[in-house]
Amino acid sequence: MNTAGFSFPVSPALKARLAKLGIAGDADLLLHLPLRYEDETRLHPIATLRVGEYAQIQATVREVEVSARPRRSLKLAVEDAGGSLLVRFLHFYPSQLKEFQPGRIFRFSGEARGGFFGLEMVHPRYRRVEDPTAPLPESLTPVYPTTAGLSQSALRRLIEQALAQADLADTLAADLLTGLGLPDFAASVHFLHRPPADIPPAALEARNHPAFRRLAFDELLAQQLSLRRARARHRQSDAPVLDAAGRLAAALRAALPFALTAAQEKAWREIAADLARPHPMRRLLQGDVGSGKTVVAALACLAAVEAGYQAALMAPTEILAEQHYRKLCLWLAPLGLEVGWFASALPAAEKRRVREALASGRIALAVGTHALFQNEVAFARLGLAVVDEQHRFGVAQRLALAHKGGEPHLLMMSATPIPRTLAMSYYADLDVSVIDALPPGRSLVATRLASETRRAEVLARVREVCLTGGQAYWVCPLVEESEKLELQAALDTYDALRGQLPELSVGLVHGRMKAQEKNAVMAAFQAGAVQLLVATTVIEVGVDVPNASLMVIEHAERMGLAQLHQLRGRVGRGSRASVCVLLYQTPLSEAARARLKVIYENTDGFEIARQDLLLRGPGEFLGARQSGAPLLRFADPERHIDLLDAARAAAATLLAQAPQDAAAHLARWLGSRQAWLGG
Ligand code: ADP
Ligand code: MG
């Protein structure tokens with residue numbers, strides 16, 4: 001199969017333009033599907049054309065006029081046997097003036113509009129007809145996504161050529177296709193590029209025709225094959241066996257003020273079993289906010305350390321990383337272990353010291369932001385990398401991390417549960433452990449929605465909670481456009497609250513503070529000396545103060561669902577009845593109203609994530625859009641769940657029984673493209 005490159009000559013200039021569309025060969029051309037279709041299989045008599053109708057006419061140019069008013073435009077009076085019409089171009093080239101000579105015949109496709117001078121078409125698509133009896137096309141006309149310098153007709157010709165010359169052999173066995181009710185590959189691509197005229201274009205554009213489902217299936221299958229291959233590669237590559245006796249883990253457990261929940265125990269057993277194998281673990285640990293993932297991660301780190309390796313824990317924000325750092329110091333110092341701290345804000349000399357300690361292996365355990373995994377940090381013998389809230393990093397970083405320092409075991413943790421369909425699709429190369437129960441003694445958080453006009457009531461509530469021994473968070477508005485404005489909003493809120501609640505001790509944390517100041521405020525809040533903590537969304541993840549039972553979130557309508565759920569999870573950790581107040585500003589947009597409704601009605605992180613996916617779509621949800629990771633182009637794991645199940649099964653069978661078919665399929669589908677996550 002010739003899947004690399006084109007089977008016909010393509011000039012370098014054209015190649016460059018095609019590359020902009022992600023097209024590097026025949027297979028890519030075949031899979032470059034039309035955005036929509038136009039029906040040019042019929043000619044509509046002008047006399048019976050109605051306003052609003054989209055139609056193709058064949059007409060002779062009678063008059064050509066360039067008018068300067070009301071704006072410069074090119075007007076053509078055209079007519080067929082029974083009627084006449086005005087064609088207008090607001091932008092045109094001199095070449096067009098020459099083309100439209102009176103007496104010439106053209107086919108125009110466009111929407112008929114009611115104009116000042118009667119029926120007109122503005123900017124119709126057109127084609128000159130040398131022979132008025134020339135046959136009409138028999139199939140719908142595809143309209144492709146294209147790029148500057150590449151015309152529709154040029155792209156059409158290329159795809160036509162690919163359809164005629166490329167290898168369209170099926171990569172799937174006939175009985176598999178019959179079982180799924182899917183047409184063969186050649187028929188499907190022919191159909192999608194050249195659909196017969198009797199199919200309404202709208203039915204095709206809805207993307208549920210069997211020919212389209214066939215491509216969706218192929219794509220899902222390629223994704224599953226690629227992820228399975230990645231997984232198989234991991235299974236074959238070497239990783240340190242971390243199977244020490246468990247002395248350190250036992251010591252930590254004995255010192256903890258609580259026992260692990262059954263759900264934590266189960267997750268830990270699964271992780272420990274992975275670590276004891278000579279192949280790198282690739283495991284995602286999911287658990288709702290507050291479910292206790294950190295202690296499980298700590299046990300895993302201890303397994304690495306006891307086996308003579310290093311472990312590293314990375315978190316997406318400095319505050320969260322610091323929180324982990326403090327917790328690990330608290331837990332591990334009594335065991336005689338030093339924990340290293342690494343963040344980009346560290347003074348250069350200190351950075352150098354930690355870097356050297358990691359490179360020499362003197363420090364066995366390091367906590368930090370993603371600065372920990374930047375190129376200049378080398379580990380003497382990294383055995384385990386733990387990444388908290390990994391979905392925030394996007395896929396690219398996850399891969400970069402996996403290739404850092406040989407093949408360490410990798411544990412990813414997320415409090416934003418990946419809905420089942422996405423997990424099956426994009427995370428098929430990972431094993432998943434779920435902590436599906438919260439530790440005992442958690443109280444349910446009551447959620448209240450309050451419009452900004454009820455601010456006074458909310459303030460009274462804050463006062464009451466804090467004056468009766470409780471503590472509260474006040475989360476400042478998110479200002480996406482500017483960090484500076486966000487900081488200003490936080491400072492303003494802090495000043496206002498201090499004025500309005502003079503009897504309370506109020507503290508402030510924000511992202512631009514020096515680590516030392518931030519630590520001091522957090523420590524004061526932890527100790528109860530600060531009663532009301534005003535914060536930007538830096539406290540979104542990981543902050544843990546059980547005595548805080550009230551959270552007010554300002555401009556909640558600006559925040560995403562995952563963010564709101566994470567924030568709300570900061571309360572309800574102690575014995576006090578907890579409340580989360582979502583202050584919002586009216587008027588609410590449709591989307592904001594939908595988000596607030598979801599967060600008000602649901603407390604289960606999995607359900608919230610599912611709704612989030614429905615509201616935002618997979619690209620935004622996975623953060624893949626920012627990281628540039630390839631998304632599925634044809635398949636939608638939610639809508640094509642039946643195909644996804646089938647693709648998973650087919651991938652397993654193909655790899656086991658017909659690896660050469662699997663390779664051919666991948667070659668067609670990945671071709672020039674980057675592999676999905678597994679790489
Ligand atoms: P998350 O899963 O959101 O990262 P954390 O690991 O921060 O949750 O745990 C939340 C809080 O619950 C911490 O204070 C932690 O020490 C505590 N915790 C963890 N496991 C248990 C348990 N089994 N029993 C009681 N408290 C626990
Ligand atoms: Mg956490």
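Every number for a ligand or one of its atoms is a count from 1 in the order of the listing.
- Ion pair Arg231/Asp431 flagged as a salt bridge, since at least one NZ, NE, NH1 or NH2 atom sits closer than 4.0 Å to an Asp/Glu carboxylate oxygen.
- The shortest N or O to N or O distance between Val289 and ligand 1 is not below 3.5 Å.
- Classification of Glu557 and Arg595 as a salt-bridged pair fails, no side-chain N sitting under 4.0 Å from a carboxylate O.
- Ligand 1 lies nowhere less than 4.0 angstrom from a heavy atom belonging to Gly287.
- One distance of note links CG of Leu284 with CE of Met413; it measures 10.5 Å at 0.5 Å rounding.
- If you number the atoms of ligand 1 from 1 as listed, the ones under 4.0 Å from a heavy atom of Lys327 come out as 13 (C), 14 (O), 15 (C), 16 (O).
- For the pair Gln323 and ligand 1, no heavy-atom separation below 4.0 Å is found.
- The proximity of Pro546 to ligand 1, defined as any non-hydrogen pair under 4.0 Å, does not occur for either the backbone or the side chain.
- With ligand atoms numbered from 1 in the order given, ligand 1 contributes 23 (N) to contacts under 4.0 Å with heavy atoms of Thr261.
- Residue-ligand proximity, Ala259 to ligand 1, at heavy-atom distances under 4.0 Å covers atoms 22 (C), 23 (N), 24 (N).
- For Glu338 and Arg362, the salt-bridge test passes: some basic side-chain N is under 4.0 Å from an acidic carboxylate O.
- A salt bridge is absent between Arg352 and Glu356; no separation between the charged side-chain nitrogens and carboxylate oxygens falls under 4.0 Å.
- Between Ala297, Gly292, Ala262, it is Gly292 that holds the heavy atom closest to atom 9 (O) of ligand 1.
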Inset, instruction - Any chance you could lay out the side-chain hydrogen bond (donor to acceptor under 3.5 Å, both in side chains) test for His409 and Asp274, step after step, and finish with the verdict? - result: CA-CA 8 Å; His409 296 282; Asp274 282 358; over 6 Å; no
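- Checking Glu270 against Ser433 by side-chain atom types alone, a donor-acceptor pair falls below 3.5 Å.
- Residue contacts with ligand 1: Gly569 is excluded, as none of its non-hydrogen atoms falls under 4.0 Å.
- Contact between Met413 and ligand 1 is absent, with no heavy atom of the residue lying under 4.0 Å from the ligand.
- Considering only non-hydrogen atoms, atom 6 (O) of ligand 1 lies nearest to Thr294 out of Ile435, Val295, Thr294.
- With a 4.0 Å cut-off on non-hydrogen atoms, Leu260 touches ligand 1 through its backbone and not its side chain.
- Ring centers of Phe379 and Tyr309: at least 6.0 Å apart, outside the cut-off.
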